[in-house]
Amino acid sequence: MRQSQLFTKTRREAPSDEVSKNAQLLIRAGFVSKEMAGVYDYLPLGLRVMDNIRQIIREEMNAIGGQEVLLSALQDPEIWKMSNRWDDEKVDVWFKTKLKNDSELGLGCTHEEPMARMLREYISSYRDLPRVTYQFQTKFRNELRAKSGIMRGREFLMKDMYSYHRNQEDLDAFYEKAIQAYKNVYERAGIGDKTFVTFASGGMFSKFSHEFQTICDAGEDIIYINDEKGIAVNEEVLQDDILAGLGITRESLREAKSIEVGNIFKYGTRYTSELGVTFKDENGEDQIPVNGAYGIGLGRLMGTVVELLSDEKGIVWPESIAPFKYHLVNAMPNNADAVSYADELYDLLTLRGASVLYDDRDARAGEKFADSDLIGIPYRIVVGKEALEGKTLEVVSRATGEVIRVDREELLPQ
Ligand code: ATP
Ligand code: MG
């Protein structure tokens, strides 16, 4: 991608009403644009990051047997009445709308109900289980406060996964695999070292649900960590009897602000029983599948990475989700030799499959470097005097500032 052609430009200031660091940096660097509070557009750079995150999650969910689907955003109130979740008292984040004939529709905030209803079509025998589906789908939630930038959207992309099993043991075994898959996602996205599996209140059929909480001062949550045992609990379950059950005491806990980057649940037969899903077991008896649900907010995850991996100059993307691997900067855009050198290097790099943003703009080197720091691509390749004199190229690591000098040939992927 040539930066002179890029749809976005960097800007000095974020909108004055934007209070969160993640959105300020992402807007200034041109990754996202703000429509209104809690509503953001993803622009070319931001979409590349989202796609990288999506791909990591997709690989991990496929690895545990998930099958990707895409369900509708418009939802039928009837199925939500079956589970008693249509009522605004029960779910306080509903966005609802109406057909021309005045009948109501929901804008999906989650998909347990439609997924369970659909299962009725495809499950009849124990041989049809387990089944695991997941999607990347836009959720709508009428959040009371939206001050955390892309970490709390009123419209946001979620990966939600649903699993259905013949019995509790099968759900339990899958649930453990899902925990590991989630850990892999956070590890690969660069926030594994700060993310804790956290005991949270469980709802009806299991004692706990599990949240994935990333330690960060910008977080809206608080967790309590026992470092010795590597156990964390959230505020809902901070009760002496529960702590005793986990083998920890209140005194052993340290408090930390955190961001909920994921949440997984065992529902037992909730939703499947309410939506009337049954299957025949080996004896021909009707049974109800047990189910679990597993969510990750992609914008929440991207925002968390920005909160944690940034400095006074801008964003510091981990290579795994960065919009590009290399930022090729021509520091002498008025020099014809430098232009042809940089053009040629850009062509070669892209031809050989490297992902490169090429700053070919007619601008001062200082301005280009400042933009490069703001955008946060992992490796900056500088075309300057040294390169032209046939010596070495300067490659600067955004994360460490380390300068490596390499021959042009060394840089090219084989
Ligand atoms: P919160 O407590 O932060 O409001 P939640 O518990 O209501 O979140 P879940 O229903 O558990 O959210 O959704 C699954 C995941 O989706 C969350 O763990 C989080 O990563 C993400 N998520 C939830 N709400 C939002 C939002 N408004 N914007 C972006 N991501 C979100
Ligand atoms: Mg949650």
Side-chain angles (χ1 to χ4, degrees), residues 20 22-23 26 32 34-42 46 49-50 53-54 56-57 61 73 80 83 85 90-95 106-113 115 134-162 178-179 181-183 185-186 189 191 194-203 206 208-214 216 218-223 232-237 257-267 270-271 292-308:
S20 74
N22 67 82
L26 289 164
V32 306
K34 186 174 191 169
E35 287 289 339
M36 55 188 127
V39 182
Y40 295 89
D41 309 302
Y42 287 79
V49 175
M50 276 299 233
I53 293 174
R54 196 192 319 241
I56 288 174
I57 297 175
M61 299 308 118
W80 293 87
S83 62
R85 292 214 291 179
K90 292 280 185 318
V91 173
D92 61 2
V93 293
W94 268 119
F95 277 113
L107 289 172
C109 56
T110 180
H111 280 75
E112 280 83 3
E113 282 80 351
M115 192 61 88
Y134 73 93
Q135 61 179 345
F136 298 96
Q137 202 270 352
T138 300
K139 307 295 182 217
F140 296 90
R141 292 189 183 182
N142 200 344
E143 303 276 3
L144 187 60
R145 275 176 292 278
K147 293 202 178 308
S148 293
I150 65 166
M151 299 198 299
R152 184 173 296 285
R154 295 197 166 107
E155 172 183 337
F156 63 97
L157 194 61
M158 193 199 285
K159 186 283 300 178
D160 44 330
M161 180 164 74
Y162 304 90
I179 289 182
Y182 267 54
K183 286 184 182 168
V185 167
Y186 303 120
I191 57 169
K194 292 211 156 59
T195 302
F196 284 83
V197 184
T198 305
F199 291 93
S201 70
S206 64
F208 300 110
S209 77
H210 290 87
E211 291 173 347
F212 293 81
Q213 293 275 2
T214 306
C216 177
E220 296 181 15
D221 292 3
I222 294 177
I223 60 167
V233 301
N234 79 3
E235 277 183 309
E236 304 161 338
V237 302
K257 287 179 95 176
S258 63
I259 301 165
E260 182 194 314
V261 290
N263 201 180
I264 64 176
F265 303 83
K266 288 180 193 175
Y267 289 132
R270 184 173 181 200
Y271 302 116
Y294 315 80
I296 298 183
L298 278 76
R300 175 89 50 102
L301 178 53
M302 177 169 162
T304 303
V305 170
V306 175
E307 292 286 342
L308 288 175

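We count ligands from 1, going down the list as the structure has it; atoms in each ligand are counted the same way. A quick note: this is a predicted structure, and the numbers were derived from the prediction, not measured. Computation of the quantities below employed the complete heavy-atom set of this structure, encompassing side-chain atoms and omitting hydrogens, waters and symmetry-equivalent molecules.
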Using a 4.5 Å cut-off on heavy atoms from C-beta on, say whether the side chain of [Y] contacts that of [X].
{"X": "E307", "Y": "M151", "result": "yes"}
{"X": "D92", "Y": "L144", "result": "no"}
{"X": "T195", "Y": "V261", "result": "yes"}
{"X": "T304", "Y": "K194", "result": "no"}
{"X": "F265", "Y": "R270", "result": "no"}

For the pair R85 and E112, find out whether any cationic side-chain nitrogen is under 4.0 Å from an anionic carboxylate oxygen.
-> yes
Atoms of ligand 1 close to E143 [distance to a heavy atom under 4.0 angstrom, numbered from 1] | 24 (N), 26 (C), 27 (N)
Within 4.0 Å of some non-hydrogen atom of G262, the atoms of ligand 1 are 18 (O), 20 (O)
Which is it for [X] and ligand 1 at heavy atoms under 4.0 Å: side chain, backbone, both or neither?
{"X": "M151", "answer": "backbone"}
{"X": "V261", "answer": "backbone"}
{"X": "E211", "answer": "neither"}

Closest non-hydrogen protein atom to [atom], residue and atom name please, with distance?
{"atom": "atom 17 (C) of ligand 1", "result": "E260 OE2, 3.3 Å"}
{"atom": "atom 11 (O) of ligand 1", "result": "N263 OD1, 3.2 Å"}
{"atom": "atom 1 (P) of ligand 1", "result": "R152 NH2, 3.6 Å"}
{"atom": "atom 30 (N) of ligand 1", "result": "F156 CD1, 3.4 Å"}
{"atom": "atom 14 (C) of ligand 1", "result": "M158 CE, 3.8 Å"}
{"atom": "atom 7 (O) of ligand 1", "result": "R141 NH1, 3.2 Å"}
{"atom": "atom 20 (O) of ligand 1", "result": "G297 N, 3.1 Å"}

Do F212 and Y186 make the cut of ring centroids closer than 6.0 angstrom?
-> yes
Looking only at heavy atoms, what is the nearest atom pair of W94 and N142, with distance?
-> O-CB, 3.9 Å
N263 side-chain N/O to H210 backbone N/O, donor-acceptor pair under 3.5 Å | yes
Apply side-chain contact (heavy atoms from CB on, under 4.5 Å) to the pair M161 and I264, showing each step before the final yes or no.
-> CA-CA 9 Å; M161 180 164 74; I264 64 176; over 6 Å; no
Looking just at side-chain N and O atoms, do T198 and Q213 make a donor-acceptor pair shorter than 3.5 Å?
-> no
Do you know how many protein N, O or S atoms are within a distance smaller than 2.8 Å of the Mg ion (ligand 2)?
-> 2
N or O contact, G153 vs ligand 1, cut-off under 3.5 Å | yes
Criterion side-chain contact (heavy atoms from CB on, under 4.5 Å) on R54 and L157, from CA distance to verdict | CA-CA 10 Å; R54 196 192 319 241; L157 194 61; 3.9 Å; yes
